[in-house]
Amino acid sequence: MTSSASDRVAMPSPARRWWVLLLVSIAMFGNYYAYDALNPVVDLLRSQRGLDYGQVGMLSTAYNIAALAVLLLGGYAIDRWGTRRAIPLFAAICVAAAALTAAAPNYETLVAGRFLLGVGAEPLIVAATTVLAKWFSGRELGFAFGLNLSISRLGSASTDWSTSFAEPLYANWQDPLWLATGVASAGLVAALLYVRMERGGVPVAASAAGTAEPLQWRRLYAFGSAYWYIVALCVVFYAAVFPFRTFAIDYFQQAHGVDREAAGLLSSLLPMAAIIATPLFGLWADRVGKRALFMLAGTLAMLPLFLAATYLPPGPPVALPFTGVAVPLTLLLVMLVLGVVFSLIPAVMWPAVAYLVDERRLGSAYSLMTFCQQIGWALVPLAIGALNDHFAAGPQNTAGYAPGMWFYTGLSAVGLYVAWRLWRLEARAG
């Protein structure tokens with residue numbers, strides 16, 4: 001993939017750029033923690049609040065609906081007014097949303113809290129991604145994206161680990177969500193510190209904020225075919241992985257008889273692998289290129305994983321290092337491989353856009369990509385919840401979870417096809 005972005009000049013010092021990366025990543029850590037804090041309390045919401053799987057799926061979908069409502073305008077605002085204003089604003093919305101969710105007296109307020117989180121969290125991700133694309137260039141770009149994703153995924157892993165380090169909070173569903181509000185508040189502090197860093201000097205390209213072209217809806221479709229293949233892969237990849245994480249801890253508990261602590265640790269292997277491997281894959285892709293080939297390999301590895309978790313024998317229990325907690329070998333291997341895939345595809349997919357799109361339209365390009373992502377991400381939790389309810393999935397009927405796992409597998413197959421088309425396109429371009 002050849003770059004169509006303009007050359008970057010007058011970049012700030014490396015120290016300033018890496019501080020920017022750290023602060024933006026901490027803001028993302030708080031964002032990811034607040035989103036994933038719902039996952040370990042799914043069974044508590046069902047037992048203490050009487051929610052069914054369909055209602056739990058709606059909590060995830062409410063987030064996506066909000067993101068769909070704000071993303072395109074949010075991307076234009078980022079291009080028009082700059083990340084210095086956008087990042088603290090969206091981080092503050094995330095804190096308010098986390099507090100509303102934790103304090104919710106009823107299901108409707110829970111939905112409202114998750115909706116508000118979508119208003120803030122997804123534009124915050126777009127703003128952070130735009131920051132990296134403008135402050136880093138060349139062989140630093142993929143590595144910077146990888147480090148940012150690693151720190152962000154650490155936020156996701158920390159929610160899973162909270163079943164251990166914050167175990168007393170899990171006597172009820174609200175206390176873990178108040179913890180998430182505190183973590184999101186720390187992310188807001190980092191966002192405000194980033195504002196001070198940007199005031200001290202920005203790349204020439206980044207200082208062009210305010211020169212974005214007027215919003216023209218017809219031009220949203222003016223990107224090239226390679227961009228749209230990446231968008232399609234983004235949609236099906238995240239539509240499989242993120243909804244799976246929403247239900248994963250409950251699934252491990254109900255379908256495989258794993259206790260809450262072990263289920264949380266199993267789920268954390270996915271972001272944990274990403275924390276370690278994403279920067280390495282980003283650095284590797286920076287050196288060798290061939291990003292489409294990386295994406296093709298990742299989707300191929302992903303294809304059998306959900307069915308392996310469903311149908312393969314669980315295998316002997318294996319103690320996780322440093323925890324003393326034992327988990328079934330099959331689930332351990334599935335989550336480790338899925339963690340590698342979760343590292344590989346995002347590490348090359350997101351930076352690839354910066355090589356295809358003019359810098360003045362990066363905010364719009366990433367917003368459009370995330371907007372499309374949210375469509376799939378909004379629908380799949382509802383589908384999985386409906387399938388689990390329709391087939392009476394539960395510990396007395398573990399086979400009821402199989403249709404949902406086939407659904408994830410179908411999404412993986414579509415992703416493999418799209419990645420193959422992208423690889424063919426890259427190969428023809430030389």
Practice task
Please assess L154 against Y32 for the test side chain to side chain contact (heavy atoms under 4.5 Å, CB included), listing each intermediate value before the final yes or no.
Solution key: CA-CA 8 Å; L154 183 59; Y32 275 60; over 6 Å; no

Exercise for the section: Test side chain to side chain contact (heavy atoms under 4.5 Å, CB included) on D160 and L266 and set out the steps. Expected result: CA-CA 8 Å; D160 296 329; L266 265 176; over 6 Å; no

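- Between the side chain of D43 and the main chain of D250, no donor-acceptor pair closer than 3.5 Å is present.
- A salt bridge links R245 to D36: at least one charged side-chain nitrogen sits closer than 4.0 Å to a carboxylate oxygen.
- Of the residues listed (L192, L124, V189), the one engaging P88 in a side chain to side chain contact (heavy atoms under 4.5 Å, CB included) is L192, and it is the only one.
- The side-chain heavy atoms of L332 and P328, taken from C-beta on, include no pair separated by under 4.5 Å.
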Practice task
Report the C-alpha separation of W350 and I230 in whole Å, then their side-chain angles, then the decisive distance to 0.1 Å, and conclude whether the side chain to side chain contact (heavy atoms under 4.5 Å, CB included) test is met.
Solution key: CA-CA 9 Å; W350 292 99; I230 291 173; over 6 Å; no

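- Under a cutoff of 6.0 Å and an axis angle of 45°, R46 and Y53 form a cation-pi pair.
- The nearest pair of heavy atoms linking T310 to A402 is CG2-CB, 3.9 Å.
- Exactly one residue among Y238, Y408, F237 makes a ring-ring contact (aromatic ring centres under 6.0 Å, His included) with F244. That residue is Y408.
- Not one N or O on the side chain of S152 forms a donor-acceptor pair closer than 3.5 Å with the backbone of F29.
- Once rounded to the nearest 0.5 Å, the distance linking CZ of R114 with CG of L100 reads 11.5 Å.
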Handout entry: Criterion side-chain hydrogen bond (donor to acceptor under 3.5 Å, both in side chains) on Y170 and S162, from CA distance to verdict
Key = CA-CA 9 Å; Y170 282 89; S162 68; 2.6 Å; yes

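- The two residues A34 and A180 have their closest heavy-atom pair at CA-CB, 4.2 Å.
- Remark: the backbone N or O of I151 is not paired with any side-chain donor or acceptor of N148 at under 3.5 angstrom.
- Atom CE in M272 sits 13.0 Å away from atom CZ in F342 (nearest 0.5 Å).
- Counting only heavy atoms from C-beta outward, the side chains of M58 and I65 approach each other to under 4.5 Å.
- L411 CG to L416 CG: the interatomic distance, rounded to the nearest 0.5 Å, is 13.0 Å.
- For E122 (side chain) and T370 (main-chain N/O), no donor-acceptor pair under 3.5 Å exists by modelled atom type.
- Heavy-atom minimum distance, P351 versus P346: CD-O, 3.7 Å.
- Applying the ring pair (Phe, Tyr, Trp, His ring centres under 6.0 Å) test to pairs two or more places apart or on separate chains, those with a residue in residues 248-287 are Y251-H256, Y251-Y401, W284-F294.
- Between A239 and V380, the closest heavy-atom pair is O-CG1, 3.2 Å.
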Practice task
Walk me through it: do T61 and N64 pass the test side-chain hydrogen bond (donor to acceptor under 3.5 Å, both in side chains)?
Solution key: CA-CA 5 Å; T61 297; N64 304 116; 4.8 Å; no

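- You'll find the side chain of V231 stays beyond 4.5 Å of the side chain of Q373, heavy atoms only.
- Between the side chain of Y33 and the backbone N or O of G182, no donor-acceptor pair lies under 3.5 Å.
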Exercise for the section: Please lay out, stage by stage, how W228 and L368 fare under the test side chain to side chain contact (heavy atoms under 4.5 Å, CB included). Expected result: CA-CA 10 Å; W228 283 107; L368 179 58; 3.6 Å; yes

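- Heavy-atom minimum distance, A166 versus L179: CB-CD2, 4.1 Å.
- Taking CG of D259 as the reference point, atom CG of L265 lies at 9.0 Å (rounded to 0.5 Å).
- At least one side-chain heavy atom of D175 sits under 4.5 Å from a side-chain heavy atom of N172.
- The structure places SG of C234 at 9.0 Å from CD of Q374, a figure rounded to the nearest 0.5 Å.
- Y35 meets the ring pair (Phe, Tyr, Trp, His ring centres under 6.0 Å) test with Y63, W377; sequence neighbours excluded.
- A side chain to side chain donor-acceptor pair (under 3.5 Å) with W161 is found for one member of S267, S268, S156 and no other, namely S268.
- Side-chain contact between I384 and N388 is present, with at least one heavy-atom pair separated by less than 4.5 Å.
- Listed for the T330 side chain is a donor-acceptor partner under 3.5 Å among the backbone atoms of P314.
- Residues T278 and L147 fail the side-chain proximity criterion, which asks for heavy atoms closer than 4.5 Å.
- Of all the heavy atoms in G264 and I249, the pair that sits closest is CA-CD1, 4.0 Å.
- Between V241 and M302 the shortest side-chain heavy-atom distance falls below 4.5 Å.
- Note that CG of L59 is 11.5 Å distant from CG of L117, once rounded to the nearest 0.5 Å.
- Residue W19 qualifies as open at atom CH2: its count of foreign heavy atoms under 6.0 Å is 12 or below.
- Residues T163 and E261 have side chains that never bring a donor and an acceptor to within less than 3.5 angstrom of each other.
- W135 places none of its side-chain heavy atoms less than 4.5 Å from the side chain of L21.
- Judged by distance alone, the side chain of Q254 and the main-chain N or O of G394 form no donor-acceptor pair under 3.5 Å.
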